[in-house]
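Within every chain, numbering begins at 1; the chains are lettered A, B, ... in the order of the sequence lines, protein sequences first and strands thereafter. Because the structure is predicted, anything quoted here is derived from the model rather than measured.
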Amino acid sequence: MISVKILFEFLDTTGFAMMTWGNAIMIAVGIFFISLAIIKDYEPLLLLPIGFGAIVGNIPSIQGMALSVYEEGSVLSYIYFGVSKGIFPPLIFLGIGAMTDFSTMLSNPKLILLGAAAQVGIFITFIGALYLGFNSSDAASIGIIGGADGPTAIFLSSKLAPHLLGAIAIAAYSYMALVPVIQPPIMKLLTSKKERLIRMKKPRHVTQREKIIFPVAAFLVAALIAPGAIVLIGMLFLGNLLKESCVTERLANTARNAMIDIVTILLGFSVGASTQAQAFLTNQSLLIFGLGALSFCIATAGGVLFAKFMNLFLKEKINPLIGAAGVSAVPDSARVVQMVGQKEDPHNFLLMHAMAPNVAGVIGSAICAGILWSVLVK
Amino acid sequence: MIEINLSIQNILDGRGIEIAIIGMLVVFTALTLISAFISLLPSVLRIVNFIYPIKDPLSLPERSDTPKDEVLAAIGFVLHAAEIGK
């Protein structure tokens, strides 16, 4: 009789007994993310760990067993520490820096301005979120989704709006995965066929010495203007210096391979695990998703329109499609530019040109995060 | 949980317009300065190289893995000779 009682007590503690509709929905979302990653190949490195994390995070646990990311002392909470304290994003930036070749940007510096123009999405969405009733810190964290840079979005929201971190991270990474779906219609809508056919001059050769001087000088400029960006920009340019200096190949290799992979797994998984239905399925999250999409669209449009504006003054015209790469989803948005450009002219290779605004966008969005953090920090 | 409260006053209270304008201005300034620096860098390096004509191993053309013409000619000759000798 006692053993039957224990059995019933145990059954009450199983996930089946405590499952809510919200948990079931979030588990379905997790499975959807995994399917997107495997079947559609949309950002698999991120969506797969996030999707699995969402499944893990939505298995109901017994109170006091310290299992979820939000319970002090749980293993998941220690992994999530890297997200909630903004440790993982700079480490990812180190890896990105060690991967990035700034040559195309160095060979055509005027394209850097496209990376600045695309940040308009961040600030217009910031205003939009304020209009809806979010406070300044929340609105800034939502706006940064338009930077199309997952680590930057996580970094800023961990500093300004930790309670929105899960929703913002999921929105940022989802939209980054959906770059090939979101951007092309906007790019086509804002450009004529003639503009999409513009061919650009081959970039000049960049010397190794320029590549070495650039990360140090660019860091000084960016960090002195927006000190809030020191952590992100500093790690980005340190990674790049490791790569370009030619004397720390081992460190650069570790940063761009093993280290970034480890951090990506931990970040993706713990962000996914933070999407517990009770904390995630709110009208606030829906608004964040809506505003994130808006931010992304405005950022894309901002880059394209500014490229057209630059063409009014330039003798050698630039293909305005590359403006869309000013959002920093590296290298996906540059690939989308190439894809859209080649639909009009299969012999037009825009990828290398699009990489310039693309990497400038990474710098631009990190600077924006620094500005918003500096202005809104309490 | 946020209560939706659509109001222009929210934007004004949150200093939305000012932050947005200043933010865009600062981003443009930072990236324009970086852009200007990059534009000037080749000229500065040319002057530096002119004043201090130090042989910089980093500015040497990158090593090519493609064999030189003479080597290719020699390989071709050996293969041709081997073909004739069959």
Check: Leu242(A) main-chain N/O paired with Thr248(A) side-chain donor or acceptor under 3.5 Å = yes

Under 3.5 Å: donor-acceptor pair, side chain of Thr104(A), backbone of His353(A) | no

Enumerate, atom names and distances included, each donor-acceptor pair closer than 3.5 Å involving a side-chain atom of residues 138-147 of chain A, sequence neighbours excluded.
{"from": "Asp138(A)", "atom 1": "OD1", "to": "His163(A)", "atom 2": "NE2", "distance (Å)": "3.3"}
{"from": "Asp138(A)", "atom 1": "OD2", "to": "His163(A)", "atom 2": "NE2", "distance (Å)": "3.3"}
{"from": "Ser141(A)", "atom 1": "OG", "to": "Ser137(A)", "atom 2": "O", "distance (Å)": "3.0"}

Between Asn108(A), Val120(A), Leu111(A), which shows the greatest number of heavy-atom pairs under 4.5 Å with chain B?
-> Val120(A)

Report the distance from atom CG of Leu291(A) to atom CD1 of Ile168(A), rounding to the nearest 0.5 Å.
-> 10.0 Å

When the 4.5 angstrom heavy-atom criterion is applied to Leu372(A) and chain B, the contacting part is side chain

Do the charged groups of Glu210(A) and Arg204(A) touch, with an N to O distance under 4.0 Å?
-> yes

For Asn240(A), all residues meeting side-chain hydrogen bond (donor to acceptor under 3.5 Å, both in side chains), sequence neighbours excluded | none

Of the backbone (N, CA, C, O) and the side chain (C-beta and beyond), which part of Phe306(A) lies under 4.5 Å from a heavy atom of chain B, both, or neither?
-> side chain

For the pair Thr282(A) (side chain) and Ser285(A) (backbone), establish whether a donor and an acceptor sit closer than 3.5 Å, ignoring hydrogens and angles.
-> yes

Side chain from CB out, backbone as N, CA, C, O: work out which of these in Val375(A) comes under 4.5 Å of a heavy atom of chain B, or both, or neither.
-> both

Phe126(A) portion near chain B, given a 4.5 angstrom heavy-atom threshold = side chain

Applying a strict 4.5 Å limit to non-hydrogen atoms, the region of Ala117(A) in contact with chain B is both

Residue-level contacts of residues 40-47 of chain B with chain A, using a heavy-atom cutoff under 4.5 Å = Leu41(B), Pro42(B), Leu45(B)

Check whether Ser39(B) gets within reach of chain A through its side chain, its backbone, both or neither, counting any heavy atom under 4.5 Å.
-> both

Describe, in one word, how the ring planes of Phe155(A) and Trp373(A) are oriented to each other, choosing from parallel (under 30°), tilted (30 to 60°) and perpendicular (over 60°).
-> perpendicular

For Ile112(A), is it the side chain, the backbone, both, or neither that has a heavy atom closer than 4.5 Å to a heavy atom of chain B?
-> both

Aromatic rings Phe102(A) and Phe214(A): how do their planes relate, parallel, tilted or perpendicular, breaks at 30° and 60°?
-> tilted

Result block: side-chain N/O donor-acceptor pairs under 3.5 angstrom for residues 27-38 of chain B, not counting sequence neighbours:
{"from": "Thr29(B)", "atom 1": "OG1", "to": "Leu25(B)", "atom 2": "O", "distance (Å)": "2.5"}
{"from": "Thr32(B)", "atom 1": "OG1", "to": "Phe28(B)", "atom 2": "O", "distance (Å)": "2.4"}
{"from": "Ser35(B)", "atom 1": "OG", "to": "Pro109(A)", "atom 2": "O", "distance (Å)": "2.9"}

